[in-house]
Engineer: 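First the structure, then my questions, so here it is.
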Protein chains: 2
Amino acid sequence: MNTGPAKQGKDRHQEILDAAARVITDRGLAETRISDIAEQAGVSPGLILYYFESKDRLLAEALTFANDQFYLRTSREIRRIPSAREQLRRVIDLSVPGYLPEYGRLDEWALWIEVWVRALRDPEMAKDREALDQRWRSQLAEIIRGGQGSGEFSSAEDPDELALRIAALMDGLAIQVIMDDSVVTTERMHRTCIEVSAQVLGFALQPAKG
Amino acid sequence: MNTGPAKQGKDRHQEILDAAARVITDRGLAETRISDIAEQAGVSPGLILYYFESKDRLLAEALTFANDQFYLRTSREIRRIPSAREQLRRVIDLSVPGYLPEYGRLDEWALWIEVWVRALRDPEMAKDREALDQRWRSQLAEIIRGGQGSGEFSSAEDPDELALRIAALMDGLAIQVIMDDSVVTTERMHRTCIEVSAQVLGFALQPAKG
DNA sequence: CATGCGTTTGAATGGTCAGTCAAGCGAGGC
DNA sequence: GCCTCGCTTGACTGACCATTCAAACGCATG
């Protein structure tokens with residue numbers, strides 16, 4: 001592609017998106033300056049606008065980019081797990097902010113909230129947000145369908161409805177957790193997600209491992 | 001227009017907060033200018049900063065002010081309903097964005113998301129948000145406790161845990177609804193909230209009225 | 001080594017606001 | 001009627017930042 005000016009291998013476009021996502025994550029969308037992104041990416045401010053039409057477009061792309069990454073990462077992991085019950089547990093582990101030490105940043109959830117705010121007024125972002133969300137719910141529904149098929153889940157309710165309920169529950173709880181709510185802690189969210197899933201999908205709880 | 005210093009009865013402080021909430025609701029926090037608020041309130045820009053120390057403080061106050069109003073309004077209504085089941089239904093009716101025509105604005109939910117974004121970095125707002133949220137969950141828990149006591153709800157689970165689950169579900173669904181998600185519509189959210197409540201709290205569904 | 005071209009730089013430009021301020025305004029007291 | 005004092009105005013100031021741009025830079029090619 002371009003071995004020369006740009007760093008070999010990685011491409012600037014992606015590097016900048018990544019830097020932007022990081023800056024947004026810890027400063028917040030509103031406090032993100034082009035110069036912050038440039039600094040984070042280790043380039044000059046001018047370069048940012050050489051690669052992106054405007055700050056606005058860049059931020060929008062960065063937001064969906066980051067959430068896309070999360071989905072892809074999760075999706076890849078899930079596909080290697082055979083049991084629906086374990087798939088679900090893994091999705092929960094990955095979704096509860098702060099639960100897994102290795103993913104311990106301020107979290108993609110913070111970015112997700114920024115997506116919401118922006119989607120409220122930006123039709124482009126609204127479209128992307130809806131697509132991202134439906135894909136996420138579909139993934140959950142797929143797991144549920146699998147578990148119903150294999151007999152792991154005894155509930156016979158519509159998988160899409162069940163997925164919607166679990167997804168909404170997780171959204172609502174995750175918000176409180178990243179807000180550092182003193183009642184809704186990481187552990188409590190995790191426990192609640194597992195318990196509700198078990199009740200709603202119809203399977204017995206297994207002793208927590210680890 | 002101006003009889004004496006402040007308009008009789010209403011006070012400027014409150015008027016401005018109200019105007020600010022309205023502007024934030026339809027332009028979004030990020031696009032809210034002092035001059036917009038002034039225009040909405042029908043005063044000059046300078047006056048805004050005569051009553052508030054800074055734009056930032058004003059916005060923060062406006063955000064909690066609006067949510068406080070919503071809580072108070074709901075709370076007052078609920079207190080007049082004797083049946084726990086009906087109390088719950090009313091809370092749901094009031095919380096589902098767009099369900100009741102009379103409350104048909106872009107909704108306090110939009111403001112609530114702005115609160116989240118801001119609370120992520122502003123400790124003051126974080127504190128207020130936590131208080132507001134706990135109060136809301138307590139209200140739900142109180143209804144549940146009432147229903148358990150009266151025998152309307154057969155579930156014997158911890159009311160606080162049940163309230164948390166229902167509140168989180170409602171948050172998660174409401175987000176999608178105000179985003180105008182094509183799958184998660186106002187009606188679907190309403191139905192889901194009612195069904196889940198019935199299942200989780202243990203009461204039989206009654207035919208929808210109206 | 002000279003040329004060309006895609007990158008990269010950082011200084012300059014311009015627009016947009018938040019916040020300030022000096023000047024008016026009007027009601028109520030005297 | 002005149003003064004005072006709290007409210008109100010809107011023009012002004014200064015900062016801050018997105019965006020532009022002219023100038024380098026350095027690799028590749030011949």
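First the proteins, then the strands, lettered A, B, ... as listed; each starts at 1. Here the structure is a predicted model, which means the values were calculated and not measured.
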Engineer: Should B/Arg12 be listed as having a side-chain N or O under 4.0 Å from OP1 or OP2 of D/dT8?
Structural biologist: yes
Engineer: Using atom CG of B/Leu47 as one end and atom P of C/dA18 as the other, report the distance to the nearest whole Å.
Structural biologist: 16 Å
Engineer: Across nucleotides 15-20 of chain D, 5' to 3', mark each nucleotide with B, S or - according to how protein heavy atoms within less than 4.0 Å reach it.
Structural biologist: --SSBB
Engineer: Any side-chain heavy atom of A/Leu88 sitting closer than 4.5 Å to one from A/Ile92?
Structural biologist: yes
Engineer: Among D/dT9, C/dT7, D/dC7, find the nucleotide with the atom closest to the side chain of B/Tyr50.
Structural biologist: D/dC7
Engineer: Taking side chain as C-beta onward, heavy atoms only, is B/Gln14 less than 4.5 Å from B/Asp11?
Structural biologist: yes
Engineer: Taking CZ in A/Arg57 as the centre, count heavy atoms belonging to other residues, nucleotides or ligands within less than 6.0 Å. Is the count above 12?
Structural biologist: no
Engineer: Whole-Å distance between C/dT7 P and A/His13 NE2?
Structural biologist: 12 Å
Engineer: Mind checking whether A/Tyr51 and A/His13 have ring centres under 6.0 Å apart?
Structural biologist: no
Engineer: Side chains of B/Gln69 and B/Glu108, heavy atoms from C-beta outward: is any pair under 4.5 Å?
Structural biologist: no
Engineer: Round to a whole Å and report the spacing from CD of B/Glu39 to C1' of C/dC17.
Structural biologist: 15 Å
Engineer: Round to the nearest Å and state the distance from A/Asp11 atom CG to C/dT7 atom P.
Structural biologist: 10 Å
Engineer: Does the side chain of B/Glu130 come under 3.5 Å of the side chain of A/Ser182 through a donor N or O and an acceptor N or O?
Structural biologist: yes
